[in-house]
2 protein chains.
Amino acid sequence: MNIGDVAEATGLPAKTIRYYEDIDLVRPARGANGYRVFRETDLHKLRFLGRARTLGFSIEDCRTLLALYEDEQRASSEVKEIAERNLESIEAKIADLRAMQETLRTLVSACAGDERPDCPILADLGEAGE
Amino acid sequence: MNIGDVAEATGLPAKTIRYYEDIDLVRPARGANGYRVFRETDLHKLRFLGRARTLGFSIEDCRTLLALYEDEQRASSEVKEIAERNLESIEAKIADLRAMQETLRTLVSACAGDERPDCPILADLGEAGE
DNA sequence: CCTTGACCTTCCAGTGACTGGAACCCTTAT
DNA sequence: ATAAGGGTTCCAGTCACTGGAAGGTCAAGG
C-alpha cells in the first residue's frame with residue numbers, strides 16, 4: 001500500500017504519516033522505486049496513533065502507549081497513569097476555556113455592536129489590573 | 001520604569017514584553033544606557049494585552065483591538081465581531097476537549113490500573129477504525 | 001577603586017505537531 | 001511523447017513565547 005491509500009484508510013494526511021516516520025513512530029518498508037510500502041501492522045499503528053491523538057495524547061505519550069501496546073509484560077497501571085495525566089491536563093484546559101467563554105459571553109451580549117464607539121469589551125480590556 | 005518593574009506590575013514576563021516590542025505591540029522609549037523606559041501608557045497597553053490574551057484573543061486580534069481601543073471613530077460592531085469569532089473558536093475547542101474528557105473518563109474508570117497487562121484504554125486505541 | 005550581584009541588552013535556537021511549497025522522480029494512460 | 005497524478009526529499013513557516021549564551025550597566029559594600 002502506498003502512502004496515499006494509507007492516508008485515505010487512516011484519515012491521516014500523507015504529510016502527517018511522513019512526519020510520523022520521521023520521528024520514528026512508524027517504519028514502513030520501501031519499494032524498489034523508493035516509495036514507502038505500508039503493511040497491515042503499519043496501518044494498525046497509524047490508526048492507533050490517530051485515535052490516541054484525537055484523545056489528546058501528546059506525541060511522546062503516543063510513543064509510550066504504542067510501546068506498552070506491544071509489550072505483553074506491561075502493567076495496566078502504567079497506561080492508566082498516562083491517561084489520567086492526560087485527562088487532568090484536558091480538564092485544566094476546559095476550565096481555562098470555560099472562564100474565557102463566560103467572560104466573553106457576558107461582554108459580547110453587553111456590546112451593542114453598532115456604529116457607535118462605546119464598547120464594554122474594550123472597556124473591560126482597558127480596565128485590566130485597575 | 002525598567003522592564004523588571006513593568007513585568008512585576010503587569011504580571012507579564014520580561015521576555016514576553018520584549019517580544020511584544022519586537023512585534024511592535026508596544027514601543028517603549030530608551031534611556032541613555034540603552035535600557036527600555038516604560039511610561040504609564042506603555043503599562044496600560046501591556047495590561048490591556050495581558051487581559052486580552054487571558055481572554056484567548058490571538059496576538060493579531062490583540063493588535064486590532066488595541067488599534068480600535070485607540071480609535072475614537074471605531075464602531076463597536078468591529079470589536080464585537082472579533083470577540084464573537086474568538087468566542088466561537090473557544091466554544092469549538094471546549095466541545096473537542098469535552099469529547100476527549102468523556103471518553104477518557106470512561107476508559108480510565110474501566111481500567112484496573114494494576115500489574116496485569118489487560119487494559120481497556122489500549123483496547124480502545126487498538127480497535128480504532130475497525 | 002574594585003568587586004559583586006542584580007539588573008539590563010541582543011541574538012539565536014527550540015518548543016509541538018504539523019503544514020506548505022519547491023524541485024524533482026515514477027507510473028500509467030492516452 | 002506527454003500529461004496527469006502519484007510519489008520523494010528538504011527547507012521554511014506556523015503560534016506565542018521561552019531558554020540560554022555572551023556581554024553591558026548600575027548601586028552598594030569593602
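- What separates CD of A/E60 from P of C/dT15 is a distance of 11 Å, to the nearest Å.
- Checking A/L12, A/T16, A/I59 one by one against A/R53, the side chain to side chain contact (heavy atoms under 4.5 Å, CB included) holds for a single residue, A/I59.
- Here the straight-line distance linking atom CD of B/E91 with atom CD of B/E84 works out to 10.5 Å at 0.5 Å rounding.
- When atom types are taken as modelled, the side chain of A/K45 and the backbone of A/V26 share no donor-acceptor pair closer than 3.5 angstrom.
- Between A/T16 and C/dA17, a side-chain N or O to OP1/OP2 separation shorter than 4.0 Å is absent.
- At whole-Å resolution of the value, CG in B/N86 and P in D/dC15 are 15 Å apart.
- Among the heavy atoms of the strands lying under 4.0 Å from A/Y20 are primed sugar atoms or P, OP1, OP2 only; no base atom is included.
- Placement of A/L43 and A/I17 within a single hydrophobic cluster is found when ILVMFWY residues are connected by side-chain heavy-atom separations under 4.5 Å, directly or transitively.
- We find that OH of B/Y19 is positioned 18 Å from C1' of D/dG20, with the value rounded to whole Å.
- Contacts with DNA chain D (heavy atom under 4.0 Å) in residues 42-56 of chain B: B/R53, listed by number.
- Separating the CG atom of A/D22 from the C1' atom of C/dT19 is a distance of 14 Å, rounded to the nearest angstrom.
- When all heavy atoms of B/R30 and B/G34 are compared, the closest pair comes out as NH1-O, 3.0 Å.
- The environment of CZ in A/R98 is sparse: at most 12 heavy-atom neighbours from other residues, nucleotides or ligands sit within 6.0 Å.
- Side-chain proximity of B/S58 to the nucleotides D/dT18, D/dA16, C/dC18 is greatest for D/dA16.
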Salt bridge (charged side-chain N to carboxylate O under 4.0 Å, His left out) evaluation trace for B/R36 with B/E21: CA-CA 10 Å; B/R36 289 168 184 83; B/E21 182 191 25; 2.5 Å; yes

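- Looking at every heavy atom in both residues, A/A9 comes nearest to A/M1 through CB-CE, 4.1 Å.
- Within a 6.0 Å radius of CD in A/E8, other residues, nucleotides and ligands contribute 12 heavy atoms or fewer.
- One atom, CD1 of B/I23, and another, P of D/dC17, lie 8 Å apart when rounded to the nearest Å.
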Reading 5' to 3' through nucleotides 5-10 of chain D, protein heavy-atom contacts under 4.0 Å coded B for base, S for sugar-phosphate only, - for none: -BSBBB

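- Atom CD1 of B/I17 and atom P of C/dT9 are 10 Å apart (whole Å).
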